[in-house]
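A short write-up of the structure that comes next.
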Amino acid sequence: MHTRTLGQGLEVSAIGLGCMGMSQGYGPNPGSRDEMIGVIRAAVDRQITFFDTAEVYGPYVNEELVGEALQPVRDEVVIATKFGWNIRDGKSVGLNSRPEQIRRVAEASLRRLRTDTIDLFYQHRVDPDVPIEDVAGAVGELIREGMVRHFGLSEPSAATIRTAHAVFPVTAVQSEYSLWTRDPEAEVLPTLAELGIGFVPFSPLGKGFFTGTVDASAPFSDGDVRGTIPRFEAENRAANTALVDHVKQLADSRGVTSAQIALAWLLAQQRWIVPIPGTRRTERLDENAGAARAALSADDVADLDALAARLGVHGARYNEQHMAYVGR
Ligand SMILES: NC(=O)c1ccc[n+]([C@@H]2O[C@H](COP(=O)([O-])OP(=O)(O)OC[C@H]3O[C@@H](n4cnc5c(N)ncnc54)[C@H](OP(=O)(O)O)[C@@H]3O)[C@@H](O)[C@H]2O)c1
């Protein structure tokens, strides 16, 4: 696995591991907690060095899992986590990026992650009630004290990135980006290129859709976030399958898998892009990590782009409630 460099010189494996699904978001876990620790450690064996979690995943238990799994190799890996919510009775109940809350979360995350520094600390969603200058200032203070190494933002607008970066240099922006979620291309990616900030696409496999393993019509289980997302509604899902079929054809012609095409497409966009596919299965780790070797030519990328533009996407990437939180 080769490495890539995000902003401010943060070097990570070209493909990371998203750990959220081990604790929430994709329905019942096919494995036990011990098996999830095994998956995370198997990722390290495959030279994956970039691990993504958040206070709110679980909440709390995902950070605890990641902390336990990575404790033996702490110095060899980069752990990213996120602040920005009020959490009550095991549920997020709205945004909170006030400086005192950021510090409280950092202290608690450090304990759960069993470490003395958070490598990359993202604001999970921009909080309209707290000026981004105050957020950047608060994270900057934690960085000066050594509790945090790098500052990140998730789902911000280009204007917010600019303002934050002027107060304290941003290392990475994490937003949804994949063959069917192109929102960052208009303003965010050009801004990152200009400012020298890295980009971490979340849900890079389209929440599993581009792997070709999502049934065309079966309902999702309880606790599977896809059951709340318009583009996964039965009619939209069926219409969106045309692009998945094309990805599969391209994959077959190259002797790789659909997941590898979806990830290789992201890697081909910019050398400072580092996707974090999520999986709870060791065999899929191998497959996803293998995308780092499945290079796509400029023609392949252009063909996929043209096809995606022609087919369009049916349905929004979030329901209305969640859409209100992004791009601020
Ligand atoms: N900043 C944010 O707001 C935000 C939001 C969402 C996610 N994230 C981060 O981004 C990470 C990745 O996003 P994501 O998990 O939502 O979506 P994703 O990586 O696009 O897709 C995950 C889904 O794909 C399946 N999958 C993974 N590899 C596969 C393969 N090779 N073949 C077939 N199926 C495969 C997984 O199932 P199995 O687990 O069963 O393999 C899971 O259902 C998360 O873990 C989280 O850390 C951040």
Side-chain angles (χ1 to χ4, degrees), residues 15-31 35-36 39-40 42-43 48 50-58 62-63 65-66 79-85 92 95 120-126 152-156 172-181 183-184 199-215 220-221 223-229 231-232 244 247-248 251 256-266 274-291 294 317-318 322-323 325-328:
I15 294 178
L17 178 65
C19 298
M20 178 190 74
M22 296 179 181
S23 304
Q24 69 168 51
Y26 289 97
N29 196 319
E35 284 167 329
M36 294 308 103
V39 172
I40 294 171
I48 291 172
F50 188 33
F51 294 85
D52 191 77
T53 181
E55 175 199 38
V56 78
Y57 297 162
N62 196 248
E63 282 190 332
L65 177 80
V66 169
I79 302 178
T81 192
K82 314 182 192 83
F83 62 87
W85 301 98
S92 64
L95 298 171
L120 175 56
F121 205 29
Y122 295 102
Q123 183 191 40
H124 210 150
R125 290 290 182 272
V126 173
L153 298 166
S154 178
E155 291 282 358
V173 165
Q174 178 179 135
S175 297
E176 184 170 356
Y177 188 39
S178 67
L179 277 162
W180 68 353
T181 301
D183 315 35
F199 187 66
V200 177
F202 74 71
S203 302
L205 300 169
K207 297 186 159 63
F209 194 59
F210 286 105
T211 67
T213 59
V214 177
D215 188 280
F220 293 106
S221 60
D224 190 324
V225 69
R226 293 172 294 192
T228 71
I229 291 180
R231 61 179 53 168
F232 282 103
V244 177
V247 168
K248 171 90 170 73
V256 299
T257 71
S258 295
Q260 290 173 334
I261 294 289
L263 295 172
W265 177 84
L266 284 166
V274 179
I276 47 165
T279 185
R280 302 163 295 187
R281 302 167 208 258
T282 303
E283 68 276 13
R284 289 180 172 173
L285 272 183
D286 283 321
E287 181 182 344
N288 297 346
R317 68 184 175 106
Y318 276 134
H322 281 102
M323 279 309 277
Y325 282 118
V326 300
R328 292 201 281 216

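One-based numbering, in listed order, for ligands and for the atoms of each.
Qualifying side-chain contact (heavy atoms from CB on, under 4.5 Å) partners for S92, counting only residues two or more places apart in sequence or in other chains: V56, W85. By the salt bridge (Lys or Arg N to Asp or Glu O under 4.0 Å) test, E287 is found to be paired with no residue, residues two or more places apart in sequence or in another chain being considered.
For ligand 1, the 4.0 Å heavy-atom shell contains residues G18, C19, M20, Y26, D52, Y57, K82, H124, R125, S154, Q174, F202, S203, P204, L205, G206, K207, G208, T211, T213, R226, A259, I276, P277, G278, T279, R280, R281, R284, E287, N288.
Each of L17, L120, I79 was evaluated against F50; a single residue qualifies, L120, per the side-chain contact (heavy atoms from CB on, under 4.5 Å) test.
Using a 4.5 Å cut-off on side-chain heavy atoms (C-beta onward), V326 and R125 make contact.
Nearest heavy atom pair, residue Q260 against residue A294, reads CB-CB, 4.3 Å.
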Please tabulate, for the side chains in residues 200-212, all donor-acceptor contacts under 3.5 angstrom to protein atoms that are two or more places apart in sequence or on a different chain.
residue, atom, partner, partner atom, Å
S203, OG, K207, NZ, 3.1
T211, OG1, G208, O, 2.6
T211, OG1, T213, N, 3.3
T211, OG1, T213, OG1, 2.7

